[in-house]
Amino acid sequence: MNDTTKPTEPNPPAEARDFIREIIHGDLQAGKHSAVVTRFPPEPNGYLHIGHVKAICLNFGVARDFGGRCHLRFDDTNPLKEEQEYIDAIQDDVRWLGFDWGKHLYFASDYFAQLYDWAVVLIRAGKAYVDDLTADQIREYRGTLTEPGRNSPFRERTVEENLDLFDRMRRGEFPDGSRTLRAKIDMTSGNINLRDPVLYRILHARHPRTGDAWCVYPTYDYAHGQSDAIEGVTHSLCTLEFEDHKPLYDWLITNLPVPAVPKQYEFARLNLTSTVLSKRFLLRLVNERRVRGWDDPRMPTVSGIRRRGFPAEALRQFAEMIGVARRASVVDWAMLEHCVREVLNRTAERRMAVLRPLKVVLTNYPEDRFEEFEAVNNPEDVGAGTRRVAFGRELWIEQDDFMEDPPKKFFRLSPGKEVRLRSAYFITCQEVIKNERGEVVELRCTYDPDTRGGSAPDGRSPKATLHWVSAKHAVPAEVRLYDQLFGRPDPGAENDLVEDLSETSETILSPCWLEPSLGGMKVGTQVQFERLGYFCLDRDSTSERQVWNRTITLRDTWAKVQKQT
Ligand code: ATP
Ligand code: MG
């Protein structure tokens with residue numbers, strides 16, 4: 001861990017929070033801009049992941065902090081990989097995260113006509129040419145980091161010939177890949193991005209928004225900065241891999257009659273332990289059906305962690321905690337979980353649920369008798385009130401909470417031992433019933449009627465308090481336990497990523513038994529199952545059977561790490 005992962009001070013002035021805000025503050029102070037305008041520019045070729053959350057919180061957060069605005073702009077320049085489904089999902093995710101672009105929803109494809117006209121401006125100025133080299137040849141001519149590139153034999157075409165060819169490219173006369181439009185900059189530049197970068201390629205592909213109107217499409221490098229300029233973006237924030245593209249970004253802005261001069265700034269992308277943040281790889285998991293889809297609760301996508309039960313507030317808090325810097329780092333996944341626990345501890349009501357049930361029969365409790373106990377909904381929030389929990393002769397407890405032959409430090413139930421049932425009675429185990437295979441299937445216990453509500457008049461107090469559910473009243477459910485998708489903190493370091501997928505990332509338990517107040521909950525409801533963790537009602541639930549996802553266990557490994565340092 002390094003300094004970028006320490007929590008920020010409470011409410012420092014915005015400009016003191018990170019270098020980006022410091023720059024923006026300075027620009028505003030110097031009167032360079034009257035208002036800050038940022039944008040979040042996803043390519044709609046997949047669902048958003050936690051890395052994007054960092055970029056979203058930064059762009060929208062900066063706009064909020066300085067009273068500016070943030071656009072949502074889809075960078076939809078590659079029709080082969082982009083789909084309407086992704087456009088819709090991305091908007092949904094950004095809104096869910098709590099951000100609002102107002103009327104500022106844009107698409108790079110809105111600017112295709114303008115971008116085309118500007119390409120013609122470059123051709124007329126002798127600053128762009130149509131090249132007939134194939135993609136492989138272009139690569140070969142480009143040179144390497146240590147060797148300069150070579151000029152294409154087509155580089156010296158006349159303006160007229162270039163105008164004619166570019167027009168015919170646009171009109172669909174040439175097959176895919178046969179020609180490109182390239183900027184004429186410098187094939188010997190030390191920066192490979194300036195070695196006559198491709199501005200347009202031919203793609204006879206249907207675009208999700210412009211349909212068949214175009215068969216030439218601008219490259220990312222050409223479209224991005226010009227889109228920023230058209231929208232009046234002042235600070236174009238992107239991740240460090242674009243640092244080497246900045247001279248090209250500036251070259252295009254300088255050489256085109258754009259209406260504004262945006263500036264690009266780079267920050268380090270988010271990396272998380274045990275997690276792969278790459279749309280390409282996540283798409284592979286979906287396509288190979290290794291997960292239930294983009295919103296599988298194990299996916300590091302926004303829709304996945306949302307389905308798993310991570311609250312939006314926790315993600316925003318996490319983004320704030322990791323901050324923004326230029327130095328690359330890997331953030332511990334446990335830190336994200338820490339934020340999730342902090343929010344859920346405050347907001348999630350407590351309930352009792354038994355995931356691996358073991359039957360308990362109270363032999364001295366009358367068969368036809370039932371009673372109800374009052375239980376606190378959330379000890380962290382008195383306003384959350386109380387609820388009534390039904391109790392009867394037959395109960396479910398957790399298999400883990402019983403041992404026939406316990407080691408010394410096991411304080412839960414065992415033959416002859418007394419424990420407290422949360423909010424109910426003390427019980428003592430009298431007899432263990434087994435099946436033919438020798439497995440424990442039932443416990444015969446007695447309860448002490450003088451301990452109603454969970455305390456004894458003589459002041460004795462058992463060391464363990466167990467959760468329980470009345471068998472007669474319980475609601476059945478399937479519970480899905482989730483763990484890291486990968487079995488190691490550095491997936492892909494030695495093997496193909498897929499080989500590092502953990503086999504125990506999902507465990508399905510059924511039937512589990514829930515206290516009756518959990519019946520009829522809405523999908524997305526989040527509760528703490530006492531002693532077990534936080535859970536969220538999944539959209540796979542039906543009227544017959546609920547499905548709950550375990551969002552997270554109760555153990556906070558990050559808080560422990562922090563204490564040690
Ligand atoms: P991926 O590598 O997963 O495909 P990408 O960078 O190609 O991601 P885009 O849709 O182009 O995805 O990203 C939109 C914005 O989000 C860009 O500004 C990009 O810099 C930013 N971004 C993407 N991944 C991260 C990350 N891990 N951390 C911070 N910002 C990110
Ligand atoms: Mg990208």
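Numbering of ligands and ligand atoms starts at 1, following listing order.
- For atom 1 (P) of ligand 1, the nearest non-hydrogen atom from the set Lys54, Arg280, Lys279 belongs to Lys279.
- Looking at His52, Arg73, Glu43, Arg39, it is His52 that brings a heavy atom closest to atom 12 (O) of ligand 1.
- Contact atoms of ligand 1 toward Thr239: 19 (C), 20 (O), 29 (C), 30 (N), 31 (C) (distance under 4.0 Å to a heavy atom of the residue).
- A salt bridge links Glu231 with Arg73: the closest approach of a Lys/Arg side-chain nitrogen to an acidic carboxylate oxygen falls below 4.0 angstrom.
- Taking a cut-off of under 4.0 Å to the non-hydrogen atoms of Pro41, the atoms of ligand 1 that pass are 14 (C), 18 (O).
- Remark: Lys54 is not positioned above the aromatic ring of Phe318, lacking an NZ or CZ atom under 6.0 angstrom from the ring centre and at most 45 degrees off the axis.
- Numbered from 1 in the order shown, with element, the atoms of ligand 1 that lie under 4.0 Å from a heavy atom of Ala55 read 16 (O), 21 (C), 30 (N).
- For the salt bridge (charged side-chain N to carboxylate O under 4.0 Å, His left out) condition, the pairs that include at least one residue of residues 106-122, sequence neighbours left out, are Asp110-Arg209.
- Trp214 and Tyr116 have tilted rings, their planes meeting at an angle from 30° to 60° on a 0 to 90° scale.
- Considering both main-chain and side-chain atoms, Arg269 comes within under 3.5 Å of ligand 1 through a nitrogen or oxygen pair.
- Considering backbone and side-chain N/O of Asn45, none are found under 3.5 Å from N/O of ligand 1.
- In terms of polar-atom proximity, Gly51 is counted as a contact of ligand 1, with an N or O under 3.5 Å from an N or O of the ligand.
- Between Phe267 and ligand 1, no N or O atom pair is found at a separation short of 3.5 Å.
- Counted by atom type alone, Asn549 and Asp538 present one or more donor-acceptor pairs between their side chains at under 3.5 Å.
- Using a 30° and 60° split on the angle between ring planes, Phe242 and His245 fall in the perpendicular class, above 60°.
- Counted within 6.0 Å of CZ on Arg289, heavy atoms from surrounding residues, nucleotides or ligands total 12 or fewer; the atom is thus considered open.
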